[in-house]
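Below you'll find the structure, written out as C-alpha cells, and then a few comments.
As the structure lists them, so they are numbered: ligands from 1, and atoms in each ligand from 1. Computation of the quantities below employed the complete heavy-atom set of this structure, encompassing side-chain atoms and omitting hydrogens, waters and symmetry-equivalent molecules. Fair warning: this is a prediction, and the values are worked out from it, not measured in the lab.
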Amino acid sequence: MRITRHPILEFDRGRKILFYFNDKKVEGFEGESIASALHASGVRVLSYSLRYHRPRGFFCGIGKCSSCFMTVDGVPNVRTCITPIRENMRVRRQDGGVGELSDKRFAARKKMVVDDEIVVVGGGPAGMMAALAAAKQGASVTLIDENHRVGGQLIKQTHKFFGSLEEKAGKRGIEIAEELMKQINSVPGIHLILSTTVVGCYNNNTEDGGDRYRLVAVRRFMDGDQLLDVFCKRIVFACGAMENMLAFPGNDLPGVYGAGGVQTLMNVYGVRPGDRVLMVGAGNVGLIVSYQLLQAGVEVDRVVEVLPRITGYHVHAAKLRRCGVPIYTSHSIKEAYGSDRVEGAVVVEVDKNYAPVSGTEENVSCDTICLAVGLTPSVRLLEQMGVKTEFIPEAGGYVAVHDQSMQTSLNGVYVAGDASGIEEASTAMIEGQLAGVSAAASLGYDRGANELISRCRNALRIFRSGPFGEIPRRGKEKIAYLFDKMGKKIWGDSEL
Ligand SMILES: Cc1cc2nc3c(=O)[nH]c(=O)nc-3n(C[C@H](O)[C@H](O)[C@H](O)COP(=O)(O)OP(=O)(O)OC[C@H]3O[C@@H](n4cnc5c(N)ncnc54)[C@H](O)[C@@H]3O)c2cc1C
C-alpha cells in the first residue's frame with residue numbers, strides 16, 4: 001500500500017520503527033501515525049461500535065472523529081490517526097468497550113503554567129497567520145496545536161493555489177505550509193507548543209474589568225501527559241473544521257473515508273487508501289482529491305454529485321475528465337456493501353427533489369468510498385466559553401457570530417479560518433492575519449495595524465466577489481447582520 005512513485009511528492013520515510021498491534025509485530029516509519037502504519041500493513045478494522053460491535057476503520061485522519069480509538073501502551077481511547085508510532089509501542093483494538101480514563105498518565109509530570117498576551121488555538125493556515133501577524137505587531141504569542149507539526153490541512157494539499165500573488169497563488173499548499181513554518185520558527189515572540197490539545201476554555205474575567213482567559217490543555221509526551229494551565233488576555237480560535245458524514249446503509253464500513261483522511265494517508269504518509277475508489281461529491285475537495293488519487297496510482301471509478309451541476313472549479317473537473325474519470329451529476333450513493341470492509345457500492349440517479357429514481361441503480365466495484373460532502377466548523381471550544389453561535393447553512397453549520405475584525409461576542413476572543421465559516425485556505429490565511437493584527441492592536445500594539453486591517457478586509461472582499469465566493473459571502477453577510485443585531489446587549493461599551 002506504500003506509494004513508491006509520485007509526480008510531485010518524494011516520501012522521505014526516515015527510520016523504520018517496529019511496534020506491536022494485538023501482540024503482532026508491525027512495521028512503520030518514524031513520524032508516521034499509528035493508523036497510517038496499520039493501514040499500510042493491511043489493517044482496516046481499528047475499532048468496533050459500542051452497541052452492535054460493527055467494525056470501524058480510519059475516517060477523518062485529523063483527530064476529529066472516534067473511528068480510530070485504540071488502547072496504546074495501556075491508555076484507552078487514543079486517537080491513533082494523530083498519534084505517531086514509537087519503537088515497541090503496544091497498540092490494541094478495543095474489542096469490547098470504551099476503556100477507562102487513567103490518572104496515571106499525568107503522574108510523571110508537574111502541571112505547567114503558561115501566561116502570555118495572546119494564545120492562538122490551532123496551527124493551520126489561519127492560526128499560523130494569526131500568530132505571525134500578532135507577533136510582527138510586537139505582541140507575545142503562544143501557538144498551540146494538537147498535531148506534532150503545524151500546518152493544518154495545508155500539509156496535504158499538493159495542488160497550486162489560485163488568487164493573487166500576495167495570497168501565495170501559484171504555490172502548492174505544502175510549499176505554503178513549509179514557508180509559514182519557517183517564519184513561525186524565526187519570528188521572535190512566538191512560543192510554539194505542539195502535540196497539545198486544548199480541552200477546556202473559561203472566561204476568567206475579573207469583576208474589576210480585567211480581561212483574562214483561561215484554557216486547559218493536555219500535552220502528550222512519550223512517557224505520559226502533562227496538564228497545561230494557560231492564561232492570556234486575548235485568544236484566537238483557529239481550530240478548523242471536521243468532515244461531514246452522509247447517511248446511507250453501510251456508511252460505517254471500513255473503507256468509507258473522508259476526503260481529508262484520504263489526503264492525509266496519501267500525501268502526508270505516502271499510503272494508498274485502496275485500489276479503486278468511488279468519490280462522492282464534485283465540489284473542489286472531491287475533484288482535487290480524485291485527481292490526487294490518480295497521481296498516487298489509485299483508480300477512480302467515477303465521481304457522483306447529487307446536485308445537477310459540478311460545484312468545484314471547472315479546471316479541476318476538466319483535468320479529471322481528460323484522465324477518463326466520468327462525473328455523474330444528479331447521482332448519489334445508495335448503499336455500500338461488504339462484510340467487514342467495503343467490497344462495492346450502489347449508486348443511483350436522483351430527481352429534482354433529490355429522491356432516488358427507481359430502476360437507475362448501478363453497481364460500482366470499489367474497495368474505497370471517499371466522502372467529499374462538506375465540512376462543519378469546529379466551534380465546540382467557543383461554545384464552551386460562552387461565545388454566541390448561530391446556525392448559518394452557507395457557513396457550514398454553527399459558527400461564532402463575529403465582527404469584521406473577527407472578534408466574537410466575547411471581548412478579546414477572536415475566531416478565524418474554517419472555524420469561522422467554511423471557505424478555503426487562502427481566505428483562512430487572510431482571516432488569521434486580520435484576527436492576529438486586531439488582537440494585538442486591542443492590546444496597544446501598532447506597527448501599521450490599521451493599514452494591514454484594511455488590506456485584509458479588501459483582500460477578503462475580492463476573494464468573495466467571484467461566483468465561487470458567493471456562498472461564503474452570503475454566510476458572512478448573515479454573520480455580520482446577526483452581529484449588528486446583537487447590538488449593545490452583548491456588545492455594551494463596557495464589554496468592548
Ligand atoms: C480534504 C480537503 C481538501 C481541501 N482542499 C482545499 C483546496 O484545494 N484549496 C483550498 O484553498 N482549501 C482547501 N481545503 C480547505 C482548507 O484546507 C481549509 O479551508 C483551511 O485549511 C482552513 O484553515 P484553518 O487554519 O482554519 O484550519 P485547519 O487547516 O484545519 O487547521 C486547524 C488546526 O487546528 C488544530 N486544532 C484543532 N482543534 C484543536 C485543539 N482543541 N487543540 C489544539 N489544536 C487544535 C488542528 O490540529 C489543525 O492543525 C481543503 C480542506 C479539506 C478538508
Is the [atom1] atom of [X] crowded by more than 12 outside heavy atoms at less than 6.0 Å?
| X | atom1 | answer |
| --- | --- | --- |
| R380 | CZ | no |
| L294 | CG | yes |
| K233 | NZ | no |

Location of contacts on [X] toward ligand 1, heavy atoms closer than 4.0 Å:
| X | result |
| --- | --- |
| M129 | neither |
| Q153 | both |
| Q157 | side chain |
| A428 | side chain |
| I422 | neither |

Could you list the atoms of ligand 1 found under 4.0 angstrom from a heavy atom of [X]?
| X | result |
| --- | --- |
| G260 | 1 (C) |
| G417 | 26 (O) |
| G240 | 26 (O), 27 (O), 30 (O), 32 (C) |
| T197 | 41 (N), 42 (N) |
| T196 | 42 (N), 43 (C) |
| L381 | 41 (N) |

Check: [X]/[Y] side-chain N/O donor and acceptor closer than 3.5 Å:
| X | Y | answer |
| --- | --- | --- |
| H314 | K319 | no |
| R234 | S442 | yes |
| R79 | T197 | yes |
| Y202 | Q384 | no |
| S405 | R457 | yes |
| T408 | K388 | no |

Nitrogen or oxygen of [X] less than 3.5 angstrom from that of ligand 1:
| X | result |
| --- | --- |
| V121 | no |
| A241 | no |
| E243 | no |
| D145 | yes |

Among all protein heavy atoms, pick the one closest to [atom] and tell me residue, atom and distance.
| atom | value |
| --- | --- |
| atom 26 (O) of ligand 1 | D418 N, 2.9 Å |
| atom 53 (C) of ligand 1 | L375 CD2, 3.9 Å |
| atom 34 (O) of ligand 1 | G122 CA, 3.2 Å |
| atom 12 (N) of ligand 1 | A425 N, 3.3 Å |
| atom 32 (C) of ligand 1 | A238 O, 3.5 Å |
| atom 41 (N) of ligand 1 | V198 O, 3.1 Å |
| atom 7 (C) of ligand 1 | H159 NE2, 3.0 Å |
| atom 52 (C) of ligand 1 | V285 CG2, 4.2 Å |

Cation over ring, R214 on F231, under 6.0 Å and within 45°? no
For S195 and E146, what are the C-alpha separation, side-chain angles and deciding distance, and is it a side-chain hydrogen bond (donor to acceptor under 3.5 Å, both in side chains)? CA-CA 4 Å; S195 302; E146 63 182 351; over 6 Å; no
List the atom pairs, donor and acceptor, that lie under 3.5 Å between side-chain atoms in residues 391-401 and the rest of the protein, sequence neighbours left out.
{"from": "E394", "atom 1": "OE1", "to": "K478", "atom 2": "NZ", "distance (Å)": "3.1"}
{"from": "E394", "atom 1": "OE2", "to": "K478", "atom 2": "NZ", "distance (Å)": "3.0"}

Check for me whether K64 has a heavy atom closer than 4.0 Å to any atom of ligand 1. yes
With the threshold set at under 4.0 angstrom, would you say L154 reaches ligand 1 through any of its heavy atoms? no
Roughly how far apart are C232 SG and D116 CG, rounded to 0.5 Å? 8.0 Å
Partners of R461 by salt bridge (charged side-chain N to carboxylate O under 4.0 Å, His left out), sequence neighbours excluded? none
Show your reasoning for whether side-chain hydrogen bond (donor to acceptor under 3.5 Å, both in side chains) applies to Q292 and Q263. CA-CA 8 Å; Q292 292 174 356; Q263 264 191 330; 2.9 Å; yes
With respect to atom 20 (C) of ligand 1, which of A259, P125, C60 exhibits the smallest heavy-atom separation? P125
